[in-house]
Amino acid sequence: MADASPYILITALIASLMLIGANALYPQQGSVFGSLLSYDRLGGFFGVVTLLVTLFVTVSSVVVTNERPNAPLYYSLLSFTALGMLILSYAADLLMLFIAWELMSLPTYALAGFEKRRAQSNEAAAKYAIIGALSSAIILYAISLTYGFAGTTQIAPAVRAIASQPFNPLASTAILLFVVGFGFKMSIVPFHMWAPDAYEGAPPTISTLLAAATKKAGFVAAIRVLLAVTTVYAVTQNPVFSTANVFAVLALVTMTLGNIAALTQKSMTRLLAYSSIAQAGYILIGFVMYAYSTGVGGYQQEAIIGMTGSLFHVLNHAVMKGAAFLVASLVLFKLRRADVQAYGGLARRMPVSAFTLTVAFLALAGVPPLSGFWSKVLLFLSVLNGPYSWLAVAGILNSAFSMGFYAWIIKRMYMDESETTEKVNESTGFVVVFAVAVALIIGLGIFPGPAIAFAQNAIPTIFAR
Amino acid sequence: MADVVFFALMVVAVGGAIIALEAREIVYGAVGLAGSFFGVAALFFLLDAPFVAVFQIIVYIGAVAILILFTVMLVRQERWLKDASFSVGQLAGILTAGATAVALILAFSAAKLWEVTPSSNPPDFLGIGQLISTEFAPALQVLALVLAASVLGAITLAKVDREEKVKA
């Protein structure tokens, strides 16, 4: 059944990527749609990241959905999710943020259960939908409390209103609820429990979208609301519970637990899910220094380096994890296996996939000269001076530790013998995406300058006051 | 007096929600859900928000609960849930919910909300309509997309994959 829907979506995605790219190069500040959306570079940055991942997913899905009768529905749901993430990236109003959040989430619940005859897919969809609904309810509760203080749903004035209420327990509650609500989508420990099950059960192309795109949308929401609030508001009078400390502990726990859990996984998708959790921990490191700097004063340079590192790592992680998950999709689609054993001798059977996975894994571990190295360097540099230097040590140890399971898989693919050496046809759509992703990972590793500038430019407009 | 009514309605709302989740027969669950919606609607009346209350009754009790009952009638199945024994996860869930409730109660009582004087002019329908059609008009449009997306999602989940059926 020839079907035009994926090509329409691909055209639309490329067109919007080019538009946003042009706007990112020649930005005009200001707001459109009244005051509900802001027209800034932070939105542009996350718009590029999320649309790029959606484009990867769409191009590689063409082969997978080719024989399925519901393919047009698949692509329309994908387009709604993409639009939701895009609006979320630009949202300047809590109401718009919530509606965009729902527009992003609702289609993914149906997409996670797209393979209706597979019990695991149904379980994943049910679990993901329930946890997603819970997190939406928590965010809505936080928004209503914030509205109670501020009398407005505009993010910037609401932040100022919360900041003017020192040590109000209800304001602290609202912030805590935001942490929990966004934390679910960002899959930060201890709100990560759903992620491995959902990623494993959902169709793997959709897991790619969840791990590489909707997760990043959670980060932009957190930057716009949470970071803006916490930099001006101390949660409690006790300095031990400062927001920077809270972020630091969350970052440490998230990366350590994600890496340790990834080491013991037998299934590739679960391994990638836990590694994705660990990467969220690295991204959080940049938040720590930003919150600390605005809370204490000083350390401005480090704060900017940290946030640049966070944003750059968001971009890198989207590409690296997107590529790795899509390799897992192709292996599952062709070999019908998701266990780690299936990757033995893969280099001889599917050379392009094996090479892509190798590059993505090396970049995820932070091996120079790949893109992941630079963002990690920025993140660890930012905390090296000052009270959080232990976080840099922990991050480096974690990276070294994660190399253990990444190298183990790479060794399996290249050194081990497979049961058969029969060549597997690697679908064109996937190969194109792999080529673009590998080019991005290596290109941003050798010439990181423009991407770092792009990330850095997105920072100052976070707190338009 | 208002306090007594408030607590009675709260019992109806929370009790209905518990029945909706725990009932072995889905019909009872649906009725419990309708009861919970009714309790929430009455709470909105009590809080001087008749607009929200009326919508709650029309949309949730009038449409959602009735739709669920219709679906149950069309899809005849004797028992929807297998008998689940009490598990550690369940206990952990109840404890977490209890702890969250205690924490919220502490936060709300520490915030001294009773000292806040309520706004003297409650929102009227006209004002809500004006806001929706002017300042929040883009949000309303995106909301329409959310509805479209959920309808598509429902179709995706409900539509039979014919080819897959043949293969299976």
Side-chain angles (χ1 to χ4, degrees), chain A residues 1 32-37 67-70 72-74 76-77 79-81 83-84 87 91 93 95-111 113-118 122 125 129 138 141 145 148-149 151 153-154 165 167-174 176-177 180, chain B residues 17 21 47 49 52 89 92-93 96-97 99-116 118-119 123 128 131-168:
Chain A
M1 188 173 84
V32 280
F33 283 133
S35 46
L36 298 185
L37 296 176
E67 299 152 18
R68 302 182 66 93
N70 279 352
L73 282 170
Y74 178 94
S76 26
L77 287 171
S79 69
F80 276 114
T81 304
L83 184 63
I87 297 176
D93 190 288
L95 193 72
M96 200 60 163
L97 184 120
F98 184 72
I99 295 173
W101 186 272
E102 287 298 293
L103 182 59
M104 165 185 90
S105 306
L106 283 173
T108 54
Y109 304 150
L111 283 171
F114 195 73
E115 291 171 3
K116 275 175 273 180
R117 283 169 195 283
R118 210 157 57 90
N122 290 338
I138 290 172
Y141 197 9
L145 282 179
F149 293 116
T153 50
Q154 285 279 305
Q165 322 222 353
F167 308 123
N168 185 328
L170 269 193
S172 304
T173 310
L176 209 63
L177 291 172
V180 177
Chain B
L21 284 173
L47 293 170
V52 189
T96 314
T100 314
V102 170
L104 282 177
I105 289 170
L106 286 178
F108 273 83
S109 51
K112 300 197 172 72
L113 277 187
W114 53 85
E115 288 171 10
V116 177
S119 159
I128 294 173
L131 265 183
I132 286 178
S133 54
T134 55
E135 196 186 335
F136 290 100
L140 194 68
Q141 288 165 354
V142 179
L143 210 52
L145 291 175
V146 174
L147 283 180
S150 28
V151 170
L152 273 175
I155 293 174
T156 311
L157 293 181
K159 199 177 160 204
V160 179
D161 288 358
R162 285 182 209 287
E163 285 174 32
E164 266 184 292
K165 211 174 188 177
V166 174
K167 271 182 206 162

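In what follows, chains carry the letters A, B, and so on, assigned in the order in which the sequence lines appear, proteins first and then strands, with residues in each chain numbered from 1.
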For B:I132, which residues count as a side-chain contact (heavy atoms from CB on, under 4.5 Å) partner, sequence neighbours excluded?
-> B:I128, B:L140
Note, A:F98 side chain near A:T153 side chain (heavy atom, < 4.5 Å) = no
Within a strict 4.5 Å, meaning less than it, do heavy atoms of the B:F108 and A:L145 side chains meet?
-> yes
Could you check whether the rings of A:Y74 and A:F114 sit parallel, tilted or perpendicular, using 30° and 60° as the cut-offs?
-> perpendicular
Which bit of [X] comes within less than 4.5 Å of chain B, counting heavy atoms only: side chain, backbone, both or neither?
{"X": "A:F149", "value": "neither"}
{"X": "A:T81", "value": "neither"}
{"X": "A:N122", "value": "neither"}
{"X": "A:L83", "value": "side chain"}

Top contributor to chain A interface from B:T134, B:L143, B:L104, B:L145 [non-hydrogen pairs under 4.5 Å] = B:L145
Which pair of non-hydrogen atoms, one from A:T173 and one from B:A107, has the smallest distance, and what is that distance?
-> OG1-CB, 3.2 Å
Which residues satisfy the side chain to side chain donor-acceptor pair (under 3.5 Å) test with A:S105, sequence neighbours excluded?
->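 A:S105 satisfies side chain to side chain donor-acceptor pair (under 3.5 Å) with A:K185 only.
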Between A:L106, A:I99, A:L95, the one whose heavy-atom pairs under 4.5 Å with chain B are most numerous | A:I99
Structural part of B:L106 lying under 4.5 Å from a heavy atom of chain A |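 Contact with chain A is absent: no heavy atom of B:L106 under 4.5 Å.
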